[in-house]
Every structure is written in C-alpha cells, then in structure tokens.
Colleague: 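Below is a structure I'd like to ask you about.
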Amino acid sequence: MRDGDLLRIGLPEAVSRVLAGLAGTDADAVLVGGCVRDLVHREQPKDWDVATSAPPEAVAAAFPGSTWQNPFGTVTVRGDPPVEVTTFRVEEGYRDRRRPDTVRWGTSLEEDLARRDFTINAMAWRPVDLAAGEGRLVDPHGGAADLERRLLRAVGDPGQRLAEDALRLVRAVRFAVRYDLALEPATEAAIRDHAPDAALLSGERVREELLRMLAFPTASKAFLLMEELGLLAVLLPELAALRGIPQAKRLPGDALDHSLRTVDALPAGDARLRLAGLLHDVGKASTLADGHFIGHELQGARLAEQALRRLRLPNADIGWIRRLVRHHMFNYTPDWTDAAVRRFVRRVGADLLADLFALRAADNAASGAEEPEAGGLEELRARVDRVLAGDPLDQRQLAVDGHDLVRALGVQPGPVVGRLLDRLLEAVLEDPSLNRRERLLELAADLLREPGSARGAGAHREA
C-alpha cells in the first residue's frame with residue numbers, strides 16, 4: 001500500500017459521526033496516528049484519533065459535552081468509543097525533552113504529520129465515502145512501506161526527533177517488538193547516542209511504556225532490545241546489573257536471562273505479577289559470594305521497591321511485589337509438619353499465596369527445574385488448601401480475644417494482652433485442637449503464672 005491508495009475500513013459509528021460532523025463545518029478531518037498504523041497492519045484499532053484543521057474551540061462547539069483540557073488542541077468527543085480530535089499543529093522547542101515549548105495551530109496535514117516520531121505513526125486516512133468506509137491513505141513518509149518491510153524509521157532526522165522527546169527512545173523499543181520491526185540503522189544509532197537522555201524521563205511515563213511491554217506474550221524481547229540499545233541500564237539499573245551474574249541452573253544464560261524467562265512464563269495479562277518476575281532476583285548482583293546468593297531475596301525486596309518507587313507505582317502494588325520478592329525463596333520439604341505449613345501461611349500471608357505459587361512455578365520453569373514426585377510445589381499447594389479450609393491462622397480466628405482475657409484473668413488492657421494473644425496463637429498453630437475458649441483461658445492463666453510473665457508472654461518462636 002502506498003500514498004494515495006484507496007483503503008476500505010470498518011468505522012465505528014461514533015468515529016464516523018465525528019468525521020462527518022467536522023466535514024460539515026468545512027474543516028479538513030482525517031484519521032491519524034496509531035489507528036491508521038493498525039488499519040494498514042490489518043488490525044482493528046483500540047483507540048481512534050482524528051486530526052483536523054478546525055481550531056479546538058470550533059471542535060468543542062460542534063460536539064456538545066466534549067472536553068478540552070490540555071494546551072495541545074485535543075478535544076475528547078464522548079461516544080463508544082470516545083474519539084480524540086486534535087487540531088493540526090506545529091511544535092517548536094523541547095527544552096525539557098518532553099513537551100514542546102510552543103505549539104501553534106497548523107494549516108496543513110503535511111505539517112502535522114512531519115512532527116510525528118516514526119513513519120509508521122505519520123500516516124493518515126482521509127475519508128472519501130464515509131458510508132462505505134472508504135478513504136485514501138496519506139503517507140508522505142513511507143510508513144506503510146516500512147510496515148511492509150518490517151522497519152522502524154524516524155520521521156526526518158532521527159537525532160532531532162529523539163531530542164524532541166526522550167520518551168521516543170522507549171517507544172521505539174515497544175513499536176519494534178510489538179510489530180516485529182528492525183530498527184533502521186540511522187534510527188538505531190540515534191537511539192544509542194541518546195540513550196542517556198532516558199534518565200530525564202518521569203517515572204510515570206517510563207512506567208506506562210514498561211507496562212505495555214510486559215503485556216507482550218514474549219516480553220523478554222523488549223527488555224533484551226533495551227539492554228542492547230543502552231536503555232536498560234538507565235531505566236532499570238537493578239535489572240541490568242544481573243548481566244554476567246551466574247545462574248547455576250539447567251538452562252543456559254545468566255541471572256538476567258533467567259529473570260526474563262521467568263517473566264515470559266507468567267501470564268501476559270498480569271502486569272503486577274510479571275513485574276515481580278522481572279525483579280525477583282535483582283538481589284543476586286550484590287549478594288554473590290563464593291557461588292552463593294545468601295539473603296538475595298531480602299536485598300532483592302529492597303531493590304525492587306527502590307525501582308518501583310522510581311517508576312511511581314501505587315503503594316499497594318509496590319508492597320505486594322516487595323512481599324513476593326521477599327518470600328519467593330521458601331524451601332519446602334516433605335518433612336514439614338502441619339504446624340510448619342500453618343506457620344508458612346501465617347508468615348507469607350494467605351492473600352499472597354496464589355501469586356507466590358505462580359511466581360515460584362515460573363521461576364522453576366525458567367531454571368529448567370523438574371517438579372519432584374514428592375515435596376514439590378503442587379504438594380505444598382494441596383497442603384495449604386487444607387490449612388486454609390479451616391485451621392486458625394491469625395488472632396482474629398482465636399476462640400478468645402483481648403476482652404476475654406481482661407474479664408476472665410483480671411489483666412490490665414495493654415501490651416501484656418497482646419503478648420498473651422501472640423503466645424496463644426503460637427500454641428494453636430502448633431495444635432489447632434487447642435482453639436477452644438476454656439482451653440485458651442487455661443493456657444493464658446498458665447502463661448501469667450510463669451516467672452517474669454510479662455517477658456515470657458512476649459517470647460515469639462519463628463516457624
């Protein structure tokens with residue numbers, strides 16, 4: 001397909017309505033950007049973008065209820081799907097390497113397309129017959145040909161395009177992997193030259209690109225390409241540091257290769273779990289000693305949190321991933337007692353178990369480890385399921401509470417009550433049959449009679 005070719009597409013009614021409405025104002029209105037790229041690639045777009053010669057106030061007036069909330073002339077027209085309508089514009093100056101210093105409304109589509117990042121994103125579709133879904137491709141920079149020959153190429157001078165917005169460095173990786181494109185040599189060289197500029201990007205912008213890459217079925221390709229281009233060491237130095245760290249497992253490669261295989265072995269639709277897989281071994285680079293990685297899960301949890309805070313992930317997601325990294329090295333053996341299983345669940349948290357087992361299974365697969373006939377992950381999963389079916393695991397499940405201890409034993413409310421409950425829970429984890437009100441009150445009374453009972457009640461035994 002080439003510039004000027006006729007292209008018939010399936011237009012959602014909401015999109016057709018916007019194009020027709022703008023045509024009714026005598027404005028030029030075309031589809032642009034990612035939706036055209038996907039249409040040329042024979043995919044149905046998820047998002048629809050329109051560019052027009054009409055100024056944003058005219059667009060907003062033409063579609064009551066639309067919103068115009070940014071300085072770049074983008075009006076969002078409500079519908080199913082919503083349609084973003086942006087006025088043709090020319091951008092100048094990029095001192096912060098993110099946003100243009102000035103924006104002025106352009107008069108032509110050609111000007112608008114010339115400011116875009118890559119040729120595959122610098123195409124438009126101009127309607128000829130909306131009812132039939134027919135229009136002509138506007139492709140002054142050869143984006144359709146680049147898609148056909150599987151090439152990612154910057155519009156115009158690659159260095160200038162990348163200097164305008166450092167996020168284009170990361171977007172280049174995403175587009176290359178998403179559409180299976182090779183980097184055009186001059187574009188690749190410019191990315192390598194400008195890779196240090198990625199440090200100027202906000203965590204939020206990097207996060208959104210990384211999450212999109214993690215949704216790829218084989219996300220490892222994106223991270224390997226980032227490493228090759230010099231971007232990984234800038235954006236995720238904790239992960240990049242695993243290159244060259246030995247991974248004494250059955251499969252070839254080092255700790256970075258292993259981490260990326262772990263990501264690919266996890267569900268592509270679960271970004272949080274894939275982030276945990278990506279970062280689960282980042283502690284190995286700084287704990288390697290005599291061929292061992294003692295405590296790498298503890299160091300890894302700290303480094304994972306450091307990386308995720310830099311990416312501005314929500315606190316709840318950071319805490320969840322940190323817990324997964326912290327606990328992924330559990331060492332289950334068939335001789336664990338039922339009490340040990342209960343303590344494991346108590347220590348890890350029942351809410352984390354499904355993701356923890358998924359991470360461990362992916363970790364094993366990425367290591368080439370074979371599931372043993374006895375003492376493996378499935379056996380532990382079954383034992384945990386039995387525990388979760390009824391055994392008490394926290395103080396809320398005890399047959400007594402602090403008020404019972406105060407009333408029945410005459411102790412004063414305060415830390416002593418909390419320590420008594422801790423000791424009672426330890427006893428019940430060891431023997432769930434003790435979880436009866438009368439028996440727990442007897443145990444608590446015995447604990448209070450121990451010499452130095454305040455200190456004794458505070459003793460805590462780890463599983």
Side-chain angles (χ1 to χ4, degrees), residues 33-34 47 70-72 74 89 91-103 115-118 120-122 152-179 181 183 187-216 219-243 256 259-260 263 271-272 274-275 278-279 282 303-315 317-318 321:
D47 303 303
N70 69 42
F72 301 110
T74 301
R89 67 179 190 255
E91 300 171 349
E92 297 172 338
Y94 292 82
R95 285 177 296 181
D96 66 357
R97 308 301 304 280
R98 176 182 177 184
R99 298 186 181 93
D101 298 332
T102 59
V103 173
R115 68 176 176 81
R116 296 176 182 264
D117 51 8
F118 305 105
I120 64 171
N121 297 327
L152 186 72
R153 182 167 56 92
V155 174
D157 179 82
Q160 181 180 346
R161 290 288 83 78
L162 297 174
E164 289 169 347
D165 184 352
L167 191 66
R168 291 171 173 173
L169 298 162
V170 192
R171 282 165 57 86
V173 172
R174 175 162 63 87
F175 290 134
V177 175
R178 166 68 175 81
Y179 296 99
L181 308 177
L183 294 171
T187 300
E188 178 178 353
I191 293 172
R192 293 179 186 276
D193 289 344
H194 287 271
D197 296 343
L200 303 173
L201 293 168
S202 69
E204 293 88 348
R205 299 185 88 202
V206 175
R207 177 193 67 216
E208 293 310 307
E209 289 298 319
L210 295 184
L211 291 179
R212 290 187 177 102
M213 294 179 197
L214 285 169
F216 295 157
S220 58
K221 293 180 180 178
F223 290 89
L224 287 171
L225 182 55
M226 280 196 289
E227 182 196 24
E228 181 183 344
L229 296 171
L231 291 168
L232 191 65
V234 177
L235 299 176
L236 284 174
E238 300 87 353
L239 183 65
L242 294 179
R243 178 60 78 205
L256 179 57
S259 297
L260 297 180
V263 172
R272 185 169 67 173
R274 277 198 155 189
L275 274 172
L278 188 70
L279 300 172
V282 290
L303 291 174
E305 179 175 358
Q306 171 182 292
L308 297 174
R309 291 205 179 281
R310 194 169 62 245
L311 295 175
R312 301 291 192 269
L313 254 72
N315 286 334
D317 290 342
I318 293 174
I321 294 168

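Every heavy atom of this structure was used, including side-chain atoms; hydrogens, water molecules and symmetry mates were not.
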Colleague: Salt bridge (Lys or Arg N to Asp or Glu O under 4.0 Å) for Arg309 and Glu305? Distances and angles first, verdict last.
Modeller: CA-CA 6 Å; Arg309 291 205 179 281; Glu305 179 175 358; 2.9 Å; yes

Colleague: List the atom of His194, the atom of Gly159, and the distance in Å for their closest heavy-atom pair.
Modeller: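 Distance-wise, the nearest heavy atoms are NE2-O, 3.7 Å.
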
Colleague: Quick one: are Leu308 and Leu279 in side-chain contact, heavy atoms under 4.5 Å?
Modeller: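 Side chain of Leu308 against side chain of Leu279, heavy atoms only: contact under 4.5 Å found.
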
Colleague: What's the shortest heavy-atom distance between Arg168 and Arg116, and which atoms?
Modeller: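 It is NH2-C, 4.3 Å.
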
Colleague: Does Leu256 reach the side chain of Phe223, with side-chain heavy atoms less than 4.5 Å apart?
Modeller: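 Heavy-atom side-chain distance check fails, nothing below 4.5 Å.
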
Colleague: Return the minimal non-hydrogen interatomic distance between Ala222 and Val173, and the atom names on each side.
Modeller: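 Shortest heavy-atom separation between Ala222 and Val173 comes out as O-CG1, 3.4 Å.
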
Colleague: Look at the side chain of Arg312 and the backbone N and O of Glu204, then say whether any donor-acceptor pair between them is shorter than 3.5 Å.
Modeller: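 Between the backbone of Glu204 and the side chain of Arg312 there is no qualifying donor-acceptor contact (under 3.5 Å).
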
Colleague: List the steps, then state whether side-chain contact (heavy atoms from CB on, under 4.5 Å) holds for Ser259 with Leu278.
Modeller: CA-CA 5 Å; Ser259 297; Leu278 188 70; 5.7 Å; no

Colleague: Which atom names give the shortest non-hydrogen contact between Thr187 and Leu162, and what distance separates them?
Modeller: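 Nearest pair, atom of Thr187 first, then Leu162: O-CD1, 4.4 Å.
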
Colleague: Can you tell which of Leu210, Leu169, Leu239 makes a side-chain contact (heavy atoms from CB on, under 4.5 Å) with Met226?
Modeller: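 Single pass found, and it is Leu210.
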
Colleague: Provide the closest heavy-atom pair for Ala233 versus Ala240 in the form atom of the first, atom of the second, distance.
Modeller: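 In terms of heavy atoms, the two residues are closest at CA-CB, 3.7 Å.
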
Colleague: Determine whether Val177 and Met213 satisfy the following criterion, side-chain contact (heavy atoms from CB on, under 4.5 Å), listing intermediate values before the conclusion.
Modeller: CA-CA 8 Å; Val177 175; Met213 294 179 197; over 6 Å; no

Colleague: Show the numbers, then the answer: is there a salt bridge (Lys or Arg N to Asp or Glu O under 4.0 Å) between Arg205 and Asp165?
Modeller: CA-CA 11 Å; Arg205 299 185 88 202; Asp165 184 352; 3.0 Å; yes

Colleague: Please check if atom CG in Asp193 has more than 12 non-hydrogen atoms from other residues, nucleotides or ligands closer than 6.0 Å.
Modeller: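 Above 12, so yes.
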
Colleague: Before you tell me yes or no, could you show the steps for Val263 and Leu275 under side-chain contact (heavy atoms from CB on, under 4.5 Å), namely the whole-Å CA-CA distance, both residues' side-chain angles and the distance that decides it to 0.1 Å?
Modeller: CA-CA 8 Å; Val263 172; Leu275 274 172; over 6 Å; no

Colleague: Could you state the interatomic distance from CZ (Arg178) to CG (Leu152), rounded to the nearest 0.5 Å?
Modeller: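 Between Arg178 CZ and Leu152 CG, I get 13.0 Å after rounding to 0.5 Å.
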
Colleague: Rounded to the nearest 0.5 Å, what's the gap from CD1 on Ile318 to CD on Gln306? Could you check?
Modeller: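 Between atom CD1 of Ile318 and atom CD of Gln306 there are 11.5 Å.
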
Colleague: Can a donor-acceptor pair be found, under 3.5 Å and without considering hydrogens, that links the side chain of Arg310 to the backbone of Leu235?
Modeller: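 Between the backbone of Leu235 and the side chain of Arg310 there is a qualifying donor-acceptor contact (under 3.5 Å).
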
Colleague: Tell me, do Arg171 and Asn121 make a side-chain contact under 4.5 Å, heavy atoms counted?
Modeller: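 Touching, per the 4.5 Å side-chain cut-off.
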
Colleague: Taking Arg274 for the side chain and Leu214 for the main chain, is one N or O donor matched with an acceptor at less than 3.5 Å?
Modeller: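 Yes, Arg274 side chain to Leu214 backbone: donor-acceptor pair under 3.5 Å.
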
Colleague: If you round to the nearest 0.5 Å, how far is CG of Leu167 from CG of Leu200?
Modeller: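 CG of Leu167 is found 12.0 Å from CG of Leu200.
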
Colleague: Which pair of non-hydrogen atoms, one from Ile191 and one from Ala172, has the smallest distance, and what is that distance?
Modeller: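 For Ile191 versus Ala172, the nearest heavy atoms are CD1-CB, 3.6 Å.
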
Colleague: Should Leu236 and Val282 count as side-chain neighbours, where that means a heavy-atom distance under 4.5 Å?
Modeller: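 No - every pair of side-chain heavy atoms lies 4.5 Å or more apart.
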
Colleague: Please answer whether the main-chain N or O of Phe118 pairs with a side-chain N or O of Arg161 as donor and acceptor at a distance below 3.5 Å.
Modeller: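 Checking the backbone N and O of Phe118 against the side chain of Arg161, no donor-acceptor pair under 3.5 Å is found.
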
Colleague: Any donor and acceptor pair, going by atom type alone, linking the side chain of Arg192 with main-chain N or O of Glu228 inside 3.5 Å?
Modeller: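 Confirmed, Arg192 side chain pairs with Glu228 backbone.
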
